[in-house]
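Below, each value reflects all heavy atoms present in this structure, side chains not excepted, and no hydrogens, waters or symmetry copies. By convention here, the first residue in the shown sequence is residue 1.
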Amino acid sequence: MIDTNLEHLQNDLKEVVNLFASVDELKIRHRFTEGEGKVVNTVTVNGKIFAYGNLVKEFKDEIEKKRIIKRYAKLSMYKALSKFFEKDLPWGALTGIRPTKLAYQQLEETGEFTEFFTDTMKVSKEKTLLTERVINSQKGIYQTDDDNTDFFVFIPFCPSRCRYCSFISADIKSAERYVDQYVDALIDEINYSARFIRKLRSIYIGGGTPVALSDDRLKKVLDAIAKINTGVEYTVEAGRPDAITKSNLKLLKDYGVTRVCVNPQTFSDKTLKLLGRNHTAEQVKEKFFMAKDDFVTNMDLIAGLDGEVLEDFKNSLDTAISLSPDNITVHTLCIKRGSYLAESEQRLSGEQVEKMVDYAHKTLGENGYDPYYLYRQKYMAGNLENVGYTKPNKACIYNVDAMEEIAQNVACGANAISKRVYFGGRRIERSASPKDVATYLQKIEQIKEEKYKLFS
């Protein structure tokens, strides 16, 4: 625990501390005072005192006051720890998962965000420029219309579970007793949820590995979605190459799917085996070329995988670029509770991973890919980010809407989170379904009722 007189900010301050070290490793005291148009945050780290004062204008309301007080408390904690450890972090005091969302808010309020990022929040010039490039890439896609709606469907089954995975996805063979029940419940929820669509922007079937379903089961899900498809962008995370077949790709094409993800994560056979993936790098290429002519394609790679060094990642990225998918998403490995990796690893070294991410940014830019969305997660190696890169005019609408939280998201399935946005995403209400399949099946009627309350 942090000794603070702003107890309601305990978790927010912990997030900042965790960027540098475990809270348990340090003795931290924080005191906040205000008066005469100024707020002062005094942070003591293992006996060393750091004090920071900030002038504040008159608050327009209590909500703005709480937001500004939290901002300066977190910023002061960051500045104190940065001095204590003599270390600057690429995203400075930003701990939120959506830096671009904060940038858009600043643009709306002041007309600029770069000075706020670099001077106030201590974000590096490189990450500020990355944010600016993402915003530029989103022009023509980014819309703050509260009636815009994305439709999301979650399939929680995979051929096997990857070592780094913390999702609820299960080995489809071991979960066989639930699969038919799940498909039936999911179809029921899809049919019920269609009424909440306003202006449909995109459809996205995620997972898990949706194509791990047998063709007849997958067809049932696609039949239900076909009732709402109006020719919009339609994405399926085909994902695992060992589940992609000519027949399920034909099925997706016949039902109007426009985009598929073929996700190698790495092109190292040694790493693939270590991760628990039952396919080779050569099979990734084979399945990718099966999909390439009929769909807009995306490939995911992960920087910082277990045992990989910079040269391994370079080889994977260079291989992906040589295949020329329309999108390449570069994730930074994130160790989460619930993953097998979390049982053996606690904190990742960021130096090698930062070089991987920098190499990706430079090399993808040189090969005609622009960053078009980014997000961050807790426990990421090097406190870095995940970035989606795109060729011109190939950006995924769903990813922009979901990451910036600017459209309604009607979400179906276990672990799906529906969102209703107000005022261009300034206010968001959510309804989350249970994470595990068994509980989802038991509570499907309750889930529908909660969704009705959210959207009606």
Side-chain angles (χ1 to χ4, degrees), residues 18-22 89-91 97 156-171 174 207-209 212 237 239-243 261-285 287-288 298-321 323 328-361 363-364 374-389:
N18 284 332
L19 297 176
F20 294 89
S22 168
L89 299 177
W91 286 100
I97 67 175
F157 306 111
C158 282
S160 63
R161 188 175 177 189
C162 298
R163 191 162 179 254
Y164 56 80
C165 184
S166 64
F167 289 120
I168 62 160
S169 51
D171 181 331
S174 64
T209 307
E237 279 188 10
R240 293 277 295 269
D242 44 333
C261 307
V262 182
N263 299 331
Q265 314 304 3
T266 177
F267 280 93
S268 164
D269 285 339
K270 179 181 176 182
T271 307
L272 288 169
K273 186 175 181 180
L274 180 65
L275 293 177
R277 286 186 155 232
N278 302 320
H279 63 83
T280 65
E282 200 58 38
Q283 287 171 325
V284 175
K285 299 176 187 178
K287 299 303 174 70
F288 171 76
N298 173 75
M299 278 192 163
D300 281 6
L301 297 174
I302 299 178
L305 284 169
D306 218 12
E308 290 205 341
V309 295
L310 179 59
E311 288 306 312
D312 296 313
F313 179 77
K314 282 184 175 181
N315 175 67
S316 291
L317 184 74
D318 293 346
T319 301
I321 290 172
L323 297 173
I328 296 177
T329 304
V330 178
H331 296 274
T332 302
L333 183 64
C334 178
I335 295 178
K336 290 186 175 183
R337 293 177 185 175
S339 68
Y340 296 137
L341 193 58
E343 297 173 9
S344 58
E345 300 282 349
Q346 290 301 317
R347 200 173 185 86
L348 293 172
S349 170
E351 185 177 347
Q352 278 281 310
V353 182
E354 188 169 2
K355 290 179 180 178
M356 294 175 185
V357 169
D358 289 344
Y359 178 78
H361 187 64
T363 307
L364 285 164
L374 71 89
Y375 68 102
R376 305 181 65 222
Q377 295 168 278
K378 295 179 183 178
Y379 317 119
M380 296 185 81
N383 299 305
L384 293 164
E385 68 282 332
N386 304 317
V387 182
Y389 295 85

Worksheet item: Judged by modelled atom types alone, do Thr329 and Asn298 share a side-chain donor-acceptor pair under 3.5 Å?
Response: yes
* To do: Using a 4.5 Å cut-off on heavy atoms from C-beta on, say whether the side chain of Lys285 contacts that of Thr319.
  => yes
Practice task
Evaluate the side-chain proximity of Leu19 to Trp91: yes if any heavy-atom separation is below 4.5 Å, no if none is.
Solution key: no
Minimal heavy-atom distance between Gly304 and Leu333, with the atoms involved, is O-CD2, 3.0 Å
NE2 (His331) and CG (Leu384) are apart, to the nearest 0.5 Å, by 14.0 Å
Between Asp306 and Leu274, the two heavy atoms sitting closest are O-CD2, 3.7 Å
Taken to the nearest 0.5 Å, the spacing of Phe267 CZ from Leu323 CG works out to 5.0 Å
Taken in chain and number order and not counting sequence neighbours, the residues that satisfy side chain to side chain contact (heavy atoms under 4.5 Å, CB included) with Asp312 are Glu308, Val309
**Message:** Check whether Asn386 reaches the backbone of Arg376 with its side chain - one donor and one acceptor, N or O, closer than 3.5 Å.
**Reply:** no
Query raised in the report: Any side-chain heavy-atom pair from Val330 and Phe313 closer than 4.5 angstrom?
Result: yes
Do Arg277 and Thr266 have side chains that approach each other closer than 4.5 Å (heavy atoms only, starting at C-beta)? no
side-chain contact (heavy atoms from CB on, under 4.5 Å) between Asp318 and Thr363, intermediate numbers included: CA-CA 8 Å; Asp318 293 346; Thr363 307; 4.1 Å; yes
Worksheet item: Just by distance, with hydrogens left out, do Glu237 and Asn263 show a side-chain donor and acceptor under 3.5 Å apart?
Response: no
Hey, does the side chain of Thr332 reach the backbone of Glu385 with a donor-acceptor pair shorter than 3.5 angstrom? yes
OH (Tyr359) and CG (Leu317) are apart, to the nearest 0.5 Å, by 6.0 Å
### Task
Check the angle between the aromatic planes of His361 and Tyr389 and answer parallel, tilted or perpendicular using the 30° and 60° thresholds.
tilted
Without swapping roles, check the side chain of Glu354 against the backbone of Glu351 for a donor-acceptor pair under 3.5 Å. no
Heavy-atom closest pair (Cys158 atom, Thr209 atom, distance to 0.1 Å) is SG-OG1, 3.1 Å
Heavy-atom nearest pair, Leu272 first then Pro264, reads CD2-O, 3.5 Å
In this structure, CZ of Arg240 is separated from CD of Gln283 (nearest 0.5 Å) by 11.0 Å
Here the gap from Ser316 atom OG to Ile328 atom CD1, rounded to the nearest 0.5 Å, amounts to 11.0 Å
| query | For the side chain of Asp242 and the backbone of His279, is there at least one donor-acceptor N/O pair under 3.5 Å apart? | reply | no
When every non-hydrogen atom of Val387 is compared with those of Leu374, the smallest separation belongs to CG2-CB, 4.1 Å
Value for CE (Met299) from CD (Gln265), rounded to nearest 0.5 Å, stands at 10.5 Å
Correct closest heavy-atom pair for Phe157 and Ala212 would be O-CB, 3.9 Å
Whether Asp269 side chain and Thr280 backbone form a donor-acceptor pair below 3.5 Å:
no
Enclosure of Lys355 NZ (heavy-atom neighbours >12, cutoff 6.0 Å): no
With sequence neighbours left out, the residues meeting side chain to side chain contact (heavy atoms under 4.5 Å, CB included) with Ile97 are none
